[in-house]
Amino acid sequence: MSELRNDRFLRALLRQPVDRTPVWMMRQAGRYLPEYRATRAEAGSFLDLCKNAELACEVTLQPLRRYPMDAAILFSDILTVPDALGLGLYFEEGEGPRFRKTVRSEQDLAGLASIRAEDDLGYVMNAVSTIRRALGGSVPLIGFSGSPWTLATYMVEGGSSKDFAHTKRMAYDQPQLMHDLLSLLADAVTDYLAAQVRAGAQALQIFDTWGGALSAAGYREFSLRYMRRIIEGLPREADGREVPVIVFTKGGGQWLEAIADSGADAVGIDWTTDIAAARARVGERVALQGNMDPAMLYASPARIREEVATILEGFGHGDGHVFNLGHGITPGVDPDHVTAFVDAVQEFSPQYHRPA
Ligand code: CP3
């Protein structure tokens with residue numbers, strides 16, 4: 001494997017000194033880019049795009065050709081795991097993801113396939129190794145998975161949901177069944193992420209998109225506990241370098257201390273959390289990733305630059321900050337506004353890293 005030429009993302013995740021704050025964006029490859037829409041049309045569908053290593057590699061690299069991002073993220077989806085478990089994922093135009101089967105009983109749970117990521121999600125591993133080769137050591141590659149709780153919400157509901165009625169009823173009325181599902185998912189996710197590392201992923205992010213929908217006690221019991229178990233089971237090193245793990249719980253701002261104790265190297269925070277307060281709360285335990293409101297990208301380039309400056313000032317001097325949005329970029333954003341965002345981080349952040 002070739003030498004990594006830009007490692008400031010990996011260094012920042014481990015709170016090591018950097019010359020400036022590294023930046024990437026959740027959902028950086030996607031529908032806001034016309035070249036993404038063209039490649040998706042060529043592939044046929046979103047799932048065909050995920051399953052074609054060359055095209056998945058192409059869309060992973062598209063944002064890096066436009067913007068000097070400090071990391072690439074594997075182009076795939078968190079719902080590939082439930083799909084491999086046998087639920088039958090499909091996307092209905094304008095309606096988001098759907099599953100042909102749901103998991104609502106012991107029988108449904110027993111009917112899930114037992115999987116080995118290297119075989120049953122081999123197309124993801126092909127994409128990872130293809131992308132890693134194409135990056136040629138320019139920037140590190142992030143692998144990812146959904147958290148067990150977040151995956152469970154889609155599996156129990158059969159798709160996206162506003163109130164998680166079936167999932168929460170199961171958690172509250174049949175906690176043992178929910179724990180059996182979450183245990184199975186924690187094992188599958190550990191295997192899936194470890195396989196991504198063997199295929200070439202250099203950092204990992206666990207997307208806990210719906211952890212914030214739980215109560216404080218529910219979060220510890222149904223989400224955090226299983227993410228901790230995954231982190232404990234992961235390989236800590238590849239190619240002689242540490243493989244940092246980022247936990248991103250949307251809406252997890254109230255539970256930062258607990259998340260910082262999960263074993264993760266870095267905690268992703270959404271835009272509802274004050275980054276200065278967050279840093280004071282987690283101290284030296286973890287790095288922080290975030291946290292500009294993705295909707296700020298609809299504002300003018302001047303306003304975007306001002307917000308980047310405010311967030312950098314909020315985190316303050318020193319290391320351990322990875323700049324990002326507080327959640328994924330949305331499809332309606334003007335790609336030129338992303339230029340303003342990334343340029344502002346590059347321009348304003350070096351002053352926070354100069355030796356005092
Ligand atoms: O960050 C990246 O650029 C990597 C690619 C990525 C995608 N999905 C591509 C995608 C990642 C990391 C995800 C994660 C994901 N997928 C999450 C967790 C992160 C988050 O945003 O909270 C969730 C909840 C999903 C499930 C999912 N996939 C939904 C709800 C949808 C439909 C929503 C939408 O935006 O249409 C998807 C589809 C999806 N995943 C698209 C992309 C680019 C859009 C597909 C298309 O129409 O081209």
Side-chain angles (χ1 to χ4, degrees), residues 25-27 30-32 45-47 50 76-83 85 87-105 108-109 112 144-175 177-182 184-185 189 205-227 247-255 259 268-273 290-298 324-333:
M25 282 190 318
M26 289 188 269
R27 293 279 182 105
R31 281 173 298 177
Y32 72 105
S45 71
F46 171 68
L47 272 182
C50 291
S76 189
D77 199 85
I78 63 166
L79 301 178
T80 54
V81 170
D83 184 51
L85 290 167
L87 293 192
L89 174 63
Y90 64 102
F91 284 83
E92 207 79 271
E93 198 55 48
E95 288 194 42
R98 287 282 181 81
F99 287 112
R100 286 180 218 288
K101 293 189 199 164
T102 55
V103 179
R104 294 185 185 170
S105 67
D108 295 338
L109 185 66
L112 293 176
F144 69 88
S145 170
S147 71
W149 169 256
T150 294
L151 294 177
T153 67
Y154 288 97
M155 295 170 75
V156 175
E157 303 297 331
S160 301
S161 171
K162 283 198 171 66
D163 55 7
F164 308 106
H166 296 284
T167 318
K168 288 191 170 180
R169 182 165 57 200
M170 187 196 288
Y172 296 140
D173 272 345
Q174 296 171 280
L177 180 58
M178 179 54 83
H179 282 300
D180 289 345
L181 173 59
L182 294 169
L184 181 151
L185 286 169
V189 166
Q205 176 155 321
I206 302 174
F207 284 93
D208 186 30
T209 307
W210 302 122
L214 286 159
S215 67
Y219 179 70
R220 288 191 299 272
E221 179 179 353
F222 297 111
S223 185
L224 186 60
R225 173 173 162 188
Y226 292 94
M227 294 195 285
V247 166
F248 171 66
T249 293
K250 183 162 174 280
Q254 290 192 76
W255 312 316
I259 304 171
I269 54 175
D270 70 30
W271 65 95
T272 64
T273 296
N291 71 336
M292 193 176 87
D293 182 355
M296 186 58 72
L297 293 173
Y298 290 117
N324 205 314
L325 304 175
H327 196 200
I329 184 172
T330 47
V333 166

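When a residue number appears, it is its place in the shown sequence, counting from 1.
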Results of salt bridge (Lys or Arg N to Asp or Glu O under 4.0 Å) for [X] - residues two or more places apart only:
| X | answer |
| --- | --- |
| D293 | none |
| E92 | none |
| R104 | none |

**OP:** Sort out for me which residue in Y219, W255, W210 forms a side chain to side chain donor-acceptor pair (under 3.5 Å) with T249.
**Re:**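 Testing each of Y219, W255, W210 against T249, the sole residue satisfying side chain to side chain donor-acceptor pair (under 3.5 Å) is Y219.
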Heavy-atom side-chain contact between [X] and [Y] under 4.5 Å:
| X | Y | result |
| --- | --- | --- |
| I329 | M25 | yes |
| L85 | M155 | yes |
| S147 | F207 | no |
| Q174 | R169 | no |
| M292 | W271 | no |
| T150 | I206 | no |
| L184 | L109 | yes |

**OP:** Identify which one of D208, L181, V81, L185 satisfies the side chain to side chain contact (heavy atoms under 4.5 Å, CB included) criterion when paired with P148.
**Re:** L185
Excluding sequence neighbours, so at least two apart, what forms side chain to side chain contact (heavy atoms under 4.5 Å, CB included) with [X]?
| X | result |
| --- | --- |
| P97 | L79, L89, F91, Y154, S160 |
| R31 | Y36, R40, P331 |
| D163 | S161, A165 |

Could you tell me whether the side chain of [X] and the main chain of [Y] form a donor-acceptor pair under 3.5 Å?
| X | Y | result |
| --- | --- | --- |
| D173 | M170 | no |
| N291 | T273 | yes |
| Q205 | F248 | no |

Original post:
For T330 and Y298, what are the C-alpha separation, side-chain angles and deciding distance, and is it a side-chain hydrogen bond (donor to acceptor under 3.5 Å, both in side chains)?
Top reply: CA-CA 9 Å; T330 47; Y298 290 117; 2.7 Å; yes
Original post:
Between W149 and Y226, does the ring centre distance come in under 6.0 Å?
Top reply: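 Not close enough - the centres of the two rings lie 6.0 Å or further apart.
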Original post:
Taking all non-hydrogen atoms of both residues, which atom of L87 and which atom of L112 are closest, and how far apart?
Top reply: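 Taking every non-hydrogen atom into account, CD2-CD2, 3.8 Å.
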